[in-house]
Every structure is written in structure tokens, then in C-alpha cells.
**Q** 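This is the structure, below, for whatever I ask next.
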Amino acid sequence: MTDYKSTMNLPATDFPMRASLSQREPQWLEKWDDLDVHGKALKRRAGGPTFILHDGPPYANGHIHMGTAYNKVLKDLVVKYKTMRGFYSPYVPGWDCHGQPIEHQVEKELGPEGMAKTTQAELRAKCREWAMRFVGVQREEFKRLGVLGDWENPYLTLNPAYEAGNVRIFKKMYLDGAIYKGAKPIHWCIRCHTALAEAEIEYSDETSESIYVAFRFIDPTPWDEYGEASVLIWTTTPWTLPANVAVTLADGADYVGVKLADGRVMVLAEELVDAVAEVAGWTGHEVLSPRVKGQDLAGLHYAQPVHDGVTGVIITGSHVELTTGTGAVHTAPGHGEDDYLVGQRHGLPMPMPVLDDGTFDAGGGPFEGLDVRSANPRIIEWLDQRGTLIAATRISHSYPHCWRCKQPVIFRATEQWFVSMDRTGLRETAMKAISEVEWIPGWSVNRISAMVGDRPDWCISRQRAWGVPIPVHKCGKCGETVATEATFDAVIALFETKGADAWFTMRPSEYLPEGTVCPRCGAGVDDVVPEDDIVDVWWESGVSHTSVLDARPELHRPAELYLEGSDQHRGWFQSALLTSAGAYGHAPFERVLTHGFIVDGEGRKMSKSLGNVVSPLDVIAKSGADIVRLWVASADYGQDINVSDEILDRTSEAYRRFRNAFRFLLSNLSDFSPQDAVDWHDMPVLDRMALVQLADVLERVTAHYDEWRFHQAVRALSDYVGELSAVYLDVLKDRLYADAAASRSRRSAQTVLARILGVLVRVLAPVLAFTCEEVWEFMPTGLRDVESVHLSDWPSVDVPAVEMAELRQEYAYLLAVREEVTKALEDARNEKVVGKSQEAALRVSVPAEGLPALKRHEGSGLLEEFFIVSEVAVAAADEQASDGSRRAAYVVVKRADKEKCPRCWNHRELGVDPAHPDVCERCAGVLAASGA
RNA sequence: GGGCCCGUAGCUCAGUUGGUUAGAGCGCACGGCUGAUAACCGUGAGGUCAGUGGUUCGAAUCCACUCGGGCCCA
């Protein structure tokens, strides 16, 4: 038998079936670098509509993780899509470079001795070095993910111009009266004389005093008829009693009086009476009526337990627990977070009798001069002598300690700087700004509104070294704040030229205007000293709308989009919103997209202890960045996003399907160029149907992208490619392989394949950034108009609109019939009647309503082609299925009685052409034309 | 403890204003093909829609509670 294989147009391409992404991707990175794809894309879009996605700066410490990778890829997806749609969409990545974690790392590296020898300026230099190192590390890692942007010129919060932006906003808000100096309790180490951040605290068990103290009421109470009433409090920090100003009760809880054996009445939460009685060793006590709700006792006054002649007040709060203690919480706003917040809400004073070194000043009353720890037993003894100590024991509990000296830390109010939410109406302005922003997904607006709606004033000062100074001065003589438009402008100029480092090395007289004087005592510029504190890093990153969006000519404020994880409702979204609302009166973004957090396959957070951490770097090394990108695009970011080995395996399988489809398309276009294209009206109806399908899927996918539903776009494409492989591509093989290479029928098929390829490679490019570039390189040169797929335009498919509906309907009908055919073929296969479908001859019976649609194709070859069988006879169905249901078709399968053509493998009449007696008529024609 | 949110087949996702037997793709099982071949095609088995209780003629969909999970607070 002659070998006909060589006479066929079998698929041919060098596009590898195996992706080997981890090896091949770097090659495309190089190409993009060489071409400057991001820059070129921007030039192509210059003058067009803009779409600014403003990057939220990740912290420049450590390697990237799944969360940062996810976020960056999602951003890149948006930028690539918008760029293809014709938007001028520059992407300027940024890093958050200041802050306690870096300072802490550097300090740990230096060790205590090294720290002692290091000046603040030197420490800052080391912090800068550290930050820059990780900017470099993360930059390479983000680039490796295929993220395009201005990597050579990112924004860094430590750049002088950026630092100056902080001062611009501060100046505006300070001069408006929104920024004030107040006090707030923070963790304080009395041995190191320093403030501690949460990360600098180590918790360990500690034995503490546990005392119950009676605060005598001076207002009438519901229990007065039984004796002298007191509210009974419990505390483990007796030394905070001199700072007591209130007692907080639980709102809805019931309180009762308890008459003790000695006749006094103690007021406490009813459900804790038994527990307290046991600890205090009460016997013969009596629970008195009435039972009163916490809120009904609010406003009563009692005698301050330490200071004679001073009173405290009963208030209520939601933080009061009824599991331990008495349900009546001793409240000293200067000594605890809850106490501070509840104090703020009730407008309580905040006495702070403890000095830097932990000793009491005059506010400590009888304990002045003692340090807080040695004061404890003295206070207990003193209370006992006064008769107000009801019980005293000791308990062991977890207590915070200083990471440096391992000593217990205390909560102590210190002077801090605040942004007021209400003095200048910032809360109102911000709430209005929120309402003008598009929040995606929709629930996101609830979250940000709730947070801004009831957040306390923003404490923006930190007692650290590595950051941007609070840009005000104080009078060295009287302590008054020195901050005017002129001093702010001088600081802005200083930071812009020399950076914030100059704050720590220069004297104010070197950069402040000569005429600067203290507004209170009139001291001159030589007596002015700079503020020690630095600004909260959230403030710093927040002002990027000014330091970056306003500062860079290619960007603008407000940005079209901020896109971050949902934790940023508390973080960057809010700090950006508040600083922008405070300075400009509106939001810095037009819309905000938030995504969920990365969790493992079971939905639990990733942690080292659970051993479920997946690193993007490992995935890149094992499977490639495109797998990461496809995983990102496939997930619904509206909720938490799962990742696990299994999920990534599934992602790789989905990837392979796309890749194989690309390979098939490429391999059948190796001899095709645009001038071979066949016009719409010269195309077989199947090809026109395929183009309608393509137009439909493109429309769906575009809508999904436009509505930020990337996973739906990927799904639509995946479904499309699946059906394409199963139906159209499978059907086309006969024409592609067996018809004459340059025949109109084959060229028509190729025309459609080329359009499909052109659409797929473009619409998938934002997701499969590397693979689509690879495909681009393998496409016939006539099919690509630019050097890189990432420079190309979003595709369109031109199909005569009037014909679409009919073609769509007819295709749907043919497909329904085809489904019955495949089922029947499967049955026949199981009966060993046929193997491959080409061995089959069908009789297809259809109900009357479908008959004309099918009948008119009978004998044209279309049905045989579409079902991939050798013969189709169409008949009217007069029967119904045995179960009474109506099917689209009833199919009888027989083995084709004609012989198999050795060339095209269809069963046809052979030898019609005596010149080629072995083969069927079609193949004979092809052979004759090619001169074989 | 509070605020916002999530829980549909092994995996990723659809399920329109509550309306027949809850869908798809992948995976899996079985089969076909060997001219997309570490591919391709077909058939099939998988779900008490987290649970419980309500509202309703009817609930995956509305309400309440419980369980599990996430972020942010405390």
C-alpha cells in the first residue's frame, strides 16, 4: 500500500508541547526588558484615555509570599488588560521602607553593644541599607512573576521627595486644626525608658497581686437602706489606683448589693457574687434587692480610693467581662488601652502620675517617689489599713515583657500627636468621600464605612528612629510647639533637598527662617529643638497620593483604582482616604478593589506551625509563573483564596489544555498567511458558525474583564476551548489534513483558526503573560502586527450581525443532534460494531420540527463532517423514546459498508478515479492536483 | 466579645426577582483512537447546596440560631 501520509497536510509546529515554563520564562523576561515593553506600550497609548492603578507599597522586608504575589499579579492583569484596551496605564510600583520591623531587625543584628555605639544617624543609614536590599530582592521576584512596570524607577517612601510629601499634608491638616497633641497609653519599659511596639513585646507568665477593693459611693444608691454601699473592683495592678478616675460596668448585666457580715454593702455583678465570696472568704453574706442594670448605675460618684476629696464616676463599656473579677472594672485611662478608649468616649480626665523611670510624682499621693513595682505591697498595706481592701491573693497570668531587658512593661500615657476625626469635620468629609467611591465587591463599602464611622482619633506619632519626623519643633525653653506655615515650608525644602536624615543631623537654626520665635515665650530660632517622634508608617504610605500621584507627571490624583487585600480597609485605604480627605476634601481613588486572603486547601490561614505555607517562589521554580498567574486569575477574589498542591496541580492541568489548544492552532497554520484568508460569504456554514461562537465568547470575556470578574473570564475561555477541541477542531481535521493544501475549504478552515488564535492569544495574554508571548513568537509573521503580544490591541471579531442569530440557533440544533450521535456511537462501540466514528454509517431520525433543518444538509457532506462519520441518512422520527421523553434525534449506528480510504480513513467508494484506484474521489482529486 | 465576610460534587466555579429531577469544566472510572500522542475523542459515576429551626403552596436562594473558616478590632 502506498504511504499517503506524506501527501497530507499534517500539523507541523516547533511550539513545544511541554511547557517547561520555569526554564523558558526567563527568556521572555529578557525580551520584554530588551524591548522595554512597558515603556513602548505607554508610548503607543499616549494621549489616550488614562487608567492609573496606584500600587500600594509592600513592606521592604523579607521575600514575597503568596499574598503579595497574588496582589501584584492581579494588578498586572488589570494593567495589561487596560493597556490592550487602549488606556494609557503606567504602573509605578512602590515600597514602604520605613518602620519598626526594619529598625527592629537592624537592632537585633547590631546587638545591645553595637546599639550603644551607634548614633541615630548611623542607625538610620543601616535601616536604609536593609530596606534597599529587600527592595532589590522583591523587585526581582515581582518581575519574575511577569509583572510589567517602571521597575527602574519605583517609588520609595524613603526618597527625599516622598518624605517631603508627608510634610505637605501635615502642614495642611495642622494649620487647619486637625492635628493636635494629646496623650495616649503605650507599652513602656521603665528600665529602658522607652516606648515599645507590639512586636517588641514578649509574653510570659508572671505572678501578680490580685486585689478586691471597695470604692465608697458618695451618691445615693438603691441599697443605702442596708448600710454604707461601695462598688467592689478587682485589679492585678494596685499601682494604677492613684490614676483611677472611673469604674466601668457592663451595660446589660445585673448588679446587686451584697451585705457583708460587718454590715457594709458591696455592689458587684450578680453572676460573680459566688466566685468573689469564695475568694474573699465571705460567710453569712446576704444578696440584697434590688437587682439593677449596669447602665442604671452610670453617673453615680464614689470616693477616689487613694486621693482624699477626689471623686470618680460610674460608667459603662462593652469591654467589661463577666468571667473574672467583679464586673466592675477599675478604670485608669492612662494605664490601659480599654481604659483609654472608654475614657475618650466619656470625656474622662487622664491623670498620669508615673514618670519615665517608673516612679510616682506628686500625683501618686502618699506613694510619691516610689517606683510602681515596689509600691504594690505598700499600696495593699495602705488600703488594708483604711479598711477598703476586701481581699488579696496572687494569680499567675500572661504578662508583657520588654524584648531587650526581659522586664515587665507597663502601660503608661505619654504625649502623642493625633489626627482629630471631628475637630475639623474629617469624619464627615471622609464618609462623604467614601460614598463617592466605587467599592468592589459591594460589601467593601460597609466595612470601610463602619470603620471610619466609629474609629477613634488617629495617633500618628511613634517613638522610633526609622521614619519621617513629626515635622514640628518645640521651644527649648518653655516647651511650646513651634509650627507655622514658614517652618513647614522650610522643612519641606529641607526634606526635598537633603532628605529627612537632615532632621537628625542639622540644627533647626540652619534651615528654619531666621525670624522663627516661640509663640509663647518669644525665644529665638537658636532655642528651637526638633520634635523627637516620627510619623506612623500608615500615614507615610497614605500620603502617596501626594508624594507619587501628584508628583509624577505620568500619574494623576485621584487614581482610577486602588487594589489591595481586605486588611487594607484598616490600613492603606483608610490612611490614604483620611490624609486625602483632610488635605483635599475628597478620596484619592475613584474605585477600590479588595481581594480576600490566601488560605490553604481547608480554608485555614497559612502558618509555619501548621506547615501549610506555599511559596510563590517554589511554584515558579517547579511549575512556572504562568501557573501562579492562572491560579490568580481563576480564583474568585471576593472571598478567601485557597491554595494547595492539589489546587496548583489542577491549575497546571487547566494550563495544559490551553497550551495544547494553542499548539494545535499553530500547527495547522504553519502554511497560512493572511492573503490566503477566505471571505465570510465564501465560507462553509460550519466555519461561519465557529466565527459566531468566537464573537460570542469574546463579548462575554470582555464583559467579564470590564466588570472585574477575571475568574469568570478564565472560565468562559476554558469552557470555550473545551468545546472547541471536542467539536470544531475535531471536525476540522479531515478538511485540514486531507483537502488540498491551498483549497478554499482548507483555507477557510485556516482563516477561522487564525482568527481564533488571534483572539485567544490576546485575551489570554493578561493572564498567561509568558505563554502567550511564546505563542506570539510561533505565529506566522503575517498574523502579528507588533513585536510583543503585550503591545497588541484587544481583538475584535467581525461577523455580519444579521446572520448571527440564525447561525447560533442552527449550530445549537446541530450540536443537540450531535450529542445523540455521540451517545449512540458510544453504545455501538461497546457492542463492538465500530471503533472510531469514521467506521460508522448513521440513520438519524428527528422529530418533524427539526427535520427541515437537518434534511437540507443531507448529502452535502456537512452532516458527515460534523458528526465525523462516513454516511448520514436523515429520516423523520415517528417514535418516542420508551420513557416518553422527546430527544433531539434517534440514531441508529451501522458499520459503514464502504471501504476505508487508506489516505483519509473515511469509508467511501474507492477507485472512482482510475488514475488513483486505491483512494476515494476527494483524495484522488487532491493527489491529481498535486501531481502525485 | 464586636464589625465586615465566606461555607454548592475530590478541585475551581455557575446558579437570574425563591419555582420542575441543582449545572459546567477539570480530576476520577471505563472505553475509543494512535495523523494534536507525556496529546486528542466519547460515555459514566460523584452533591442531605456546612448544620438546625423557621417563613412559604414551594428555599441552595429569605429569616434566626449553631458549627467551621478568614480579615480587622477588642
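Each chain gets a letter, A, B and so on, in the order the sequences are listed, and its residues count up from 1.
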**Q** In dot-bracket notation, what is the pairing pattern of RNA chain B, taking Watson-Crick (N1-N3 plus N6-O4 or O6-N4) and G-U wobble (N1-O2 and O6-N3) contacts under 3.5 Å, with [ ] crossing and | for other strands?
**A** (((((((..((((.....[...)))).(((((.......))))).....(((((..]....)))))))))))).

**Q** Both A/His319 and A/Asp827 contact RNA chain B. Which one's nearest nucleotide lies toward the 5' end?
**A**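 On the 5' side of the pair lies A/Asp827.
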
**Q** Assess the residue pair A/Glu826 and A/Lys823 against the criterion (salt bridge (charged side-chain N to carboxylate O under 4.0 Å, His left out)); give the C-alpha distance rounded to whole Å, side-chain angles, the decisive distance to 0.1 Å, and a yes or no.
**A** CA-CA 5 Å; A/Glu826 181 66 14; A/Lys823 282 194 180 71; over 6 Å; no

**Q** Enumerate the protein-to-nucleotides 26-29 of chain B contacts in which both atoms are nitrogen or oxygen and the separation is below 3.5 Å.
**A**
{"from": "B/C26", "atom 1": "OP1", "to": "A/Arg657", "atom 2": "NH2", "distance (Å)": "3.4"}

**Q** Go through B/A36, B/C33, B/G3 for me and flag the one nearest to the A/Lys836 side chain.
**A**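 Side chain of A/Lys836 sits closest to B/C33.
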
**Q** With A/Arg808, which residues qualify under salt bridge (Lys or Arg N to Asp or Glu O under 4.0 Å), at least two apart?
**A**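 A/Asp696.
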
**Q** Residues in side chain to side chain contact (heavy atoms under 4.5 Å, CB included) with A/Pro766, at least two apart?
**A**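 For A/Pro766 the side chain to side chain contact (heavy atoms under 4.5 Å, CB included) partners, ignoring immediate neighbours, are A/Leu77, A/Lys80, A/Tyr81, A/Met84, A/Tyr705, A/Trp794.
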
**Q** Can A/Arg818 be said to sit on top of A/Phe867's aromatic six-ring, NZ or CZ under 6.0 Å from centre and within 45° of the ring axis?
**A**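 No, a cation-pi geometry is absent between A/Arg818 and A/Phe867.
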
**Q** Within the stacking criterion (centroid distance below 5.5 Å, interplanar angle below 30°), does A/Tyr737 stack on B/G35?
**A**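 Base of B/G35: not stacked against A/Tyr737.
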
**Q** With syn defined as a glycosidic angle within 90° of 0 and anti as everything else, classify B/G32.
**A**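 This nucleotide is in anti.
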
**Q** Tabulated below should be each protein N or O lying under 3.5 Å from an N or O of nucleotides 64-69 of chain B; please produce it.
**A**
{"from": "B/G69", "atom 1": "O2'", "to": "A/Gly603", "atom 2": "O", "distance (Å)": "2.2"}

**Q** Start at the 5' end of RNA chain B and walk down; is the nucleotide closest to A/Arg18 or to A/Trp905 reached first?
**A**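 It is A/Trp905 whose nearest nucleotide is closer to the 5' end.
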
**Q** What is the distance, rounded to the nearest whole Å, between atom CZ of A/Phe664 and atom P of B/C40?
**A**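 Taking atom P of B/C40 as the reference, CZ of A/Phe664 is at 11 Å.
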
**Q** State which residues pass side chain to side chain contact (heavy atoms under 4.5 Å, CB included) with A/Arg755; sequence neighbours excluded, sorted by chain then number.
**A**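 So A/Arg755 forms a side chain to side chain contact (heavy atoms under 4.5 Å, CB included) with A/Leu691, A/Leu694, A/Thr751.
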
